[in-house]
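Written below as structure tokens is the structure these notes are about.
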2 protein chains.
Amino acid sequence: MNDFSAAIALPAAITTQFKDWEARGFDADRCPMRNILDRIGDKWTMLVLMALAVEPRRFGMLMRVVPDISKRMLTQTLRLLERDGLITRHVFATTPPSVEYRLSPLGCSVLEPLHALAQWAEANFASITFARARYDDGLGRTDP
Amino acid sequence: MNDFSAAIALPAAITTQFKDWEARGFDADRCPMRNILDRIGDKWTMLVLMALAVEPRRFGMLMRVVPDISKRMLTQTLRLLERDGLITRHVFATTPPSVEYRLSPLGCSVLEPLHALAQWAEANFASITFARARYDDGLGRTDP
DNA sequence: CGGCATCCGAATAGATACTG
DNA sequence: CAGTATCTATTCGGATGCCG
């Protein structure tokens, strides 16, 4: 009844949503949330999406702007995003060939909730860092 | 100028945010977004958070309600969430002992942007599934 | 009941070399 | 330039067993 009181102020939609997933057996193939988290949650996807949000970019440019990514992982990340319809791929028959990637409307639209999440992360990062330091000092066990 | 036009309608805040990360060198330790994605993006965290959003739960109950999770992974997930201050742990000295987990106010607050993301996923899952089927049929290469 | 410690196979991702 | 292919190092996660 203490600090959980904040939870009951949450939209009941969240509870509804969980029960919805539960009813479907949480099957990863059928659960949209697990689907997109599998994609967004990996090491590089978010950075690639953000880089493309700034402007369309070519493969080599993405290599330069996304720090430390390998060609292998960039290719894989782009393929998965293209497969999901979040980005489109445009080949120009120049020599040497150039390939440009850009966000699709769908890819653009996902940036909105992602931006909200980024805002939350920014706003609460200090709290998290503090909690971590506390926990690591052995004082963090909430109820020891 | 075609389907990227939607992107330039996005709040410039996204571009700003990316450049912000860029300026900090994308250091994962200092980038809040990469921090929380590392946590949220793993296999179980989201499901545990959602389960706790419904109501506070004990360890054994979480085992039952989160499908297929092992004790090992549940423990690890709970520890990391506790360390980050998103959940609290409450020990009751009964016999046998019982331990209850509940969302902290911080943990509650993150559910809001996560719910927005879940809503997006729900609303666009059909588009994604369609795009995947198209791609897998070999018709998907956007510009071949 | 609620863990922790250990082991091991599976999945991930980096490095490197080669190609149209 | 924009990839593909292969190999290897690391990480992740499931199974098992033990304990207060």
Side-chain angles (χ1 to χ4, degrees), chain A residues 26 28-29 34-35 37-48 51-52 56-83 87-102 135 138 140-144, chain B residues 26 28-29 34-35 37-48 51-52 56-83 87-102 135 138 140-144:
Chain A
F26 297 97
D29 293 335
R34 297 190 75 173
N35 253 271
L37 280 178
D38 279 355
R39 192 78 345 120
I40 300 298
D42 74 11
K43 196 171 177 182
W44 302 112
T45 298
M46 186 63 198
L47 288 174
V48 170
L52 292 177
R57 298 193 201 252
R58 291 173 40 195
F59 188 91
M61 188 54 180
L62 284 169
M63 282 289 293
R64 280 186 292 279
V65 79
V66 179
D68 301 327
I69 196 170
S70 63
K71 274 197 289 195
R72 185 187 181 291
M73 291 315 297
L74 180 55
T75 299
Q76 184 179 109
T77 302
L78 290 169
R79 287 297 164 275
L80 288 174
L81 285 173
E82 189 193 359
R83 183 171 109 100
I87 65 175
T88 56
R89 180 173 177 273
H90 306 270
V91 179
F92 299 101
T94 55
T95 49
S98 64
V99 181
E100 188 183 79
Y101 294 91
R102 45 180 68 200
Y135 187 90
R141 283 321 265 273
T142 344
D143 199 33
Chain B
F26 296 95
D29 293 334
R34 297 191 75 175
N35 253 271
L37 281 179
D38 279 355
R39 190 84 30 241
I40 299 298
D42 72 13
K43 195 171 177 182
W44 303 111
T45 298
M46 186 62 199
L47 287 175
V48 170
L52 291 177
R57 296 193 202 251
R58 290 173 43 192
F59 189 91
M61 188 56 181
L62 284 169
M63 282 289 293
R64 281 187 291 279
V65 79
V66 178
D68 301 327
I69 196 170
S70 64
K71 274 198 293 192
R72 187 186 181 290
M73 293 315 295
L74 180 56
T75 300
Q76 185 180 106
T77 302
L78 290 169
R79 287 299 163 274
L80 288 173
L81 285 172
E82 189 192 359
R83 182 171 108 100
I87 66 176
T88 56
R89 180 173 177 272
H90 306 270
V91 179
F92 299 102
T94 54
T95 47
S98 65
V99 181
E100 188 183 79
Y101 295 91
R102 45 179 67 200
Y135 186 90
R141 283 319 266 273
T142 345
D143 201 33

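Within every chain, numbering begins at 1; the chains are lettered A, B, ... in the order of the sequence lines, protein sequences first and strands thereafter.
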task = Compare all side-chain heavy atoms of A:Tyr101 with those of A:Val48 and state whether any distance is below 4.5 angstrom.
result = no

query = Between C:dA13 atom P and B:Asp38 atom CG, what is the distance in whole Å?
reply = 11 Å

task = Report yes if some heavy atom in the side chain of B:Arg79 is under 4.5 Å from a heavy atom in the side chain of A:Tyr135; otherwise report no.
result = yes

key: Atom pair distance, as rounded to whole Å: CD in B:Glu82 and P in C:dC4   = 10 Å

query = Please give, in whole Å, the distance from D:dG13 P to B:Leu74 CG?
reply = 13 Å

Donor-acceptor list for residues 61-71 of chain B side chains, cut-off 3.5 Å, not counting sequence neighbours:
unit_1  : atom_1 : unit_2  : atom_2 : d
B:Ser70 : OG     : B:Met73 : N      : 3.2

inquiry  = Taking the axis from the first five pairs and the axis from the last five, what angle separates them in the helix from C:dC1-D:dG20 to C:dG20-D:dC1, rounded to 10 degrees?
reply    = 40°

note = By ring-ring contact (aromatic ring centres under 6.0 Å, His included), A:Phe26 pairs with (sequence neighbours left out) A:Phe18

For A:Arg34, all residues meeting side chain to side chain donor-acceptor pair (under 3.5 Å), sequence neighbours excluded = none

task = On DNA chain D, check which nucleotide each of A:Pro96 and A:Thr75 is closest to and give me the residue with the more 5' one.
result = A:Pro96

inquiry  = Enumerate the salt bridge (Lys or Arg N to Asp or Glu O under 4.0 Å) contacts for residues 39-48 of chain B, please, sequence neighbours excluded, ordered by first and then second residue.
reply    = B:Arg39-B:Asp84

query = Taking atom CG of B:Leu47 and atom CG of B:Leu52, what is their separation to the nearest 0.5 Å?
reply = 11.0 Å

ask   = How close or far is atom C1' of D:dT4 from atom CE of A:Met73, stated in whole angstroms?
value = 15 Å

ask   = Rounded to the nearest Å, what distance is computed from the CZ atom of residue B:Arg89 to the P atom of nucleotide C:dG2?
value = 10 Å

ask   = Between B:Arg64 and B:Gln76, which has a closest nucleotide on DNA chain C that is more 5'?
value = B:Arg64

ask   = Taking CD1 from B:Ile87 and P from C:dG2, how many angstroms apart are they, rounded to a whole number?
value = 14 Å

task = Looking only at side-chain atoms of A:Val99, point me to the closest of C:dG14, D:dG3, C:dC4.
result = D:dG3

query = Please give, in whole Å, the distance from D:dT11 P to A:Lys43 NZ?
reply = 9 Å

ask   = Starting at the 5' end of DNA chain C, which residue's closest nucleotide do you reach first, A:Asp42 or A:Lys71?
value = A:Asp42

Distances for protein N or O near nucleotides 5-10 of chain D N or O, under 3.5 Å:
unit_1 : atom_1 : unit_2  : atom_2 : d
D:dT6  : O4     : A:Arg72 : NE     : 3.4

task = Name all residues meeting the side-chain contact (heavy atoms from CB on, under 4.5 Å) criterion together with A:Thr94; count only those two or more places apart in sequence or in a different chain, and write none if there are none.
result = A:Phe92, A:Ser98

inquiry  = As a test of reading the structure: which of C:dG14, D:dC1, C:dC1 is closest to the side chain of A:Pro97, going by heavy atoms?
reply    = D:dC1

task = Scan for salt bridge (Lys or Arg N to Asp or Glu O under 4.0 Å) pairs involving residues 90-101 of chain A, sequence neighbours excluded, and state none if there are none.
result = A:Glu100-A:Arg102

Spacing of A:Leu78 atom CG relative to C:dA13 atom P, expressed in whole Å = 14 Å

task = Using a cut-off of strictly less than 4.0 Å, decide whether A:Tyr101 has a side-chain nitrogen or oxygen near OP1 or OP2 of D:dC1.
result = no

